[in-house]
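Quick notes on the structure that follows.
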2 protein chains.
Amino acid sequence: MNAKVNKVAKVEARAAVPDSPPLTERQEARRRRILHASAQLASRGGFDAVQMREVAESSQVALGTLYRYFPSKIHLLVATMQDQLEHMHGTLRKKPPQGETAAERVAKTLMRAFRALQREPHLADAMVRALTFADRSVSPEVDQVSRQTTAIVLDAMGLEHPTPEQLSAVRVIEHTWHSALITWLSGRASIAQVKIDIETVCRLIDLTAPASEGP
Amino acid sequence: MNAKVNKVAKVEARAAVPDSPPLTERQEARRRRILHASAQLASRGGFDAVQMREVAESSQVALGTLYRYFPSKIHLLVATMQDQLEHMHGTLRKKPPQGETAAERVAKTLMRAFRALQREPHLADAMVRALTFADRSVSPEVDQVSRQTTAIVLDAMGLEHPTPEQLSAVRVIEHTWHSALITWLSGRASIAQVKIDIETVCRLIDLTAPASEGP
DNA sequence: CGCTAATCTAGAACAAGTTTCAGACTTGAT
DNA sequence: ATCAAGTCTGAAACTTGTTCTAGATTAGCG
């Protein structure tokens with residue numbers, strides 16, 4: 001949000017894609033400490049509570065180093081989200097929700113994720129606000145989060161090769177997911193309403209699935 | 001984004017609801033100058049270009065006064081959006097898009113709005129980012145924007161008394177609208193993709209319309 | 001081991017959002 | 001017209017994100 005005037009290039013997409021010069025052990029450890037501190041601070045007061053100086057201090061790293069690892073607060077929080085998403089995806093893989101239709105399974109999956117977020121609303125606040133506030137300079141990282149989310153949804157649908165139509169439906173589901181979370185986090189929608197809206201949007205899946213029969 | 005620690009109450013929902021102690025003529029004029037300056041600066045560099053000191057200077061108002069009228073940058077930009085939305089709704093009322101189905105009409109309406117935003121992408125950036133970044137302290141104002149948007153969509157549907165199901169569909173459409181705009185603004189989705197997603201989500205309308213025939 | 005480039009640290013400095021304050025100006029009611 | 005209450009102004013101060021710098025440390029290499 002604040003920035004001199006420049007804000008471009010030079011940034012190495014860290015952990016977005018597992019390439020880039022590989023980190024030494026100590027560097028990996030630093031990165032981990034930073035992400036941990038970030039999540040911890042976020043779990044308390046949400047977005048505002050994640051203050052770069054505090055993150056640096058908590059993770060025993062100089063401010064300049066923090067900025068070398070994550071070029072902005074938004075980058076840091078989006079990376080934090082990537083981190084959490086990986087957990088989540090792992091967890092979901094183990095016991096995937098059951099359901100007759102794809103729509104049902106996706107809705108159940110998202111509601112499960114939603115319940116997880118409810119347990120740490122402040123953390124959710126920090127991550128989701130960062131995600132939707134991110135500007136172009138964070139696109140690669142945000143895209144990675146998006147891909148991860150898409151993977152989760154497609155997993156729940158049980159699809160390998162989605163049609164373009166289905167991909168659009170999935171995108172719409174993700175849009176709804178993010179935006180519904182925002183309205184819930186800012187107290188403008190109840191949990192029940194979020195649930196209903198998720199179920200509503202998931203109906204699109206059946207709509208775009210020419211699955212069973214055809215001419 | 002920056003703020004001491006407090007951030008509550010004391011704020012008068014200005015123009016969100018047309019009550020509150022009515023403004024004098026000069027006050028109304030100041031308010032208008034501020035909103036104009038805000039939109040103008042936003043039209044140039046987007047969110048970042050709307051700097052409170054500059055807004056104050058452009059609108060010939062002291063910084064403190066600016067903050068009395070709009071308690072934060074986010075409040076200011078959300079108010080700017082309300083302002084623009086009113087225009088838009090007025091414009092749309094005059095020549096409402098034609099179409100067989102409600103879904104078609106809504107999609108056309110949103111695409112028309114989208115084209116309007118494309119003409120001022122920076123302004124769109126400032127408004128939409130502010131809207132989705134807004135925290136609880138801006139809820140009343142954001143809610144007002146949401147109501148206005150809902151009104152536009154219901155107008156396009158030609159509905160007076162929507163069912164709860166339809167309201168959910170409308171909310172999902174709004175979610176998609178906001179989130180799709182964000183992805184477009186941050187360069188992660190093409191205009192074509194936004195169009196497709198809008199059309200996709202609008203299909204929900206037909207799905208929730210038990211309109212024509214019944215038992 | 002000894003060197004060099006890269007990385008890290010502490011801390012100052014800067015930018016922009018927000019708050020505060022003393023004094024000048026308006027407004028509304030008497 | 002006059003007074004009290006409420007507004008507005010200009011300027012300084014404070015907060016937090018971000019950048020910069022000079023000097024230590026570390027990593028990789030011969």
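Naming convention: chains lettered A, B, ... in sequence-line order (proteins, then strands); numbering from 1 in each chain.
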**Prompt:** Is a salt bridge present between R203(B) and E165(A), judged by a nitrogen-to-oxygen distance below 4.0 Å?
**Reply:** yes

**Message:** Expressed as a whole number of angstroms, how long is the span from D135(B):CG to dG17(C):C1'?
**Reply:** 14 Å

**Prompt:** Where along nucleotides 21-29 of chain D does protein come under 4.0 Å, by heavy atom, of base (B) or sugar-phosphate alone (S), with - for untouched nucleotides?
**Reply:** ------S--

**Asked** Does T149(A) reach the main-chain N or O of V145(A) with its side chain, forming a donor-acceptor pair under 3.5 Å?
**Response** yes

**Asked** What integer distance in Å separates Y67(B):OH from dC14(D):P?
**Response** 17 Å

**Item:** Electrostatic pair R32(B)-D83(B), nearest N-O below 4.0 angstrom
**Value:** yes

**Fill in**
Per atom distances to the L63(B) side chain, the nearest of dT18(C), dC8(D), dT19(D) is dT18(C)

**Fill in**
In whole angstroms, the gap separating P of dT19(D) from CG of L66(A) amounts to 12 Å

**Request:** Would you indicate whether the side-chain heavy atoms of K73(A) and M52(A) approach each other to under 4.5 Å?
**Result:** yes

**Asked** What integer distance in Å separates K73(B):NZ from dA16(C):P?
**Response** 9 Å

**Asked** dT9(C), dT18(D), dT9(D): which one has an atom nearest the side-chain heavy atoms of V61(B)?
**Response** dT9(D)

**Item:** Length of the line joining I74(A):CD1 and dT16(D):C1', which is rounded to integer Å
**Value:** 13 Å

**Item:** Residues in contact with DNA chain C, drawn from residues 50-60 of chain B - heavy-atom cutoff 4.0 Å
**Value:** V50(B), Q51(B), M52(B), R53(B)

**Fill in**
Rounding to the nearest 10°, end axes of the helix from dC1(C)-dG30(D) to dT30(C)-dA1(D) built from five pairs each make an angle of 20°

**Asked** Does the ring centre of F47(A) sit less than 6.0 Å away from the ring centre of F133(B)?
**Response** yes

**Request:** Return no unless some side-chain N or O of Q27(B) is found under 4.0 Å from OP1 or OP2 of dT26(C).
**Result:** no

**Asked** Taking CD from E28(B) and P from dC8(D), how many angstroms apart are they, rounded to a whole number?
**Response** 12 Å

**Request:** Nearest whole angstrom, please: distance from the P of dC8(C) to the CZ of R31(A).
**Result:** 13 Å

**Message:** So I173(B) and I205(B), do their side chains get closer than 4.5 Å, heavy atoms only?
**Reply:** yes

**Message:** Regarding K195(A) and E199(A), does a basic nitrogen lie under 4.0 Å from an acidic carboxylate oxygen?
**Reply:** yes

**Complete:** Taken to the nearest whole Å, CG/D48(B) to P/dA16(C) is 9 Å

**Request:** Check whether any side-chain heavy atom of R44(B) sits under 4.5 Å from a side-chain heavy atom of H122(B), and report yes or no.
**Result:** no

**Message:** Between R26(A) and T24(A), do the side chains contain a donor N or O and an acceptor N or O under 3.5 Å apart?
**Reply:** no

**Message:** Of the options dT19(C), dT9(C), dA12(C), whose atoms approach the side-chain atoms of A62(A) most closely?
**Reply:** dT9(C)

**Prompt:** Reckon Y69(A) has a side-chain N or O less than 4.0 Å from the OP1 or OP2 of dC8(C)?
**Reply:** yes

**Prompt:** In a check of salt bridge (charged side-chain N to carboxylate O under 4.0 Å, His left out) between D155(A) and each of R93(A), K94(A), R105(A), which one passes?
**Reply:** R93(A)

**Partner of Y69(B) by side-chain contact (heavy atoms from CB on, under 4.5 Å), out of V61(B), I34(B), L76(B)** = I34(B)

**Message:** Treating Q166(A) as the side-chain partner and T163(A) as the backbone partner, does any N or O pair qualify as donor plus acceptor under 3.5 Å?
**Reply:** yes

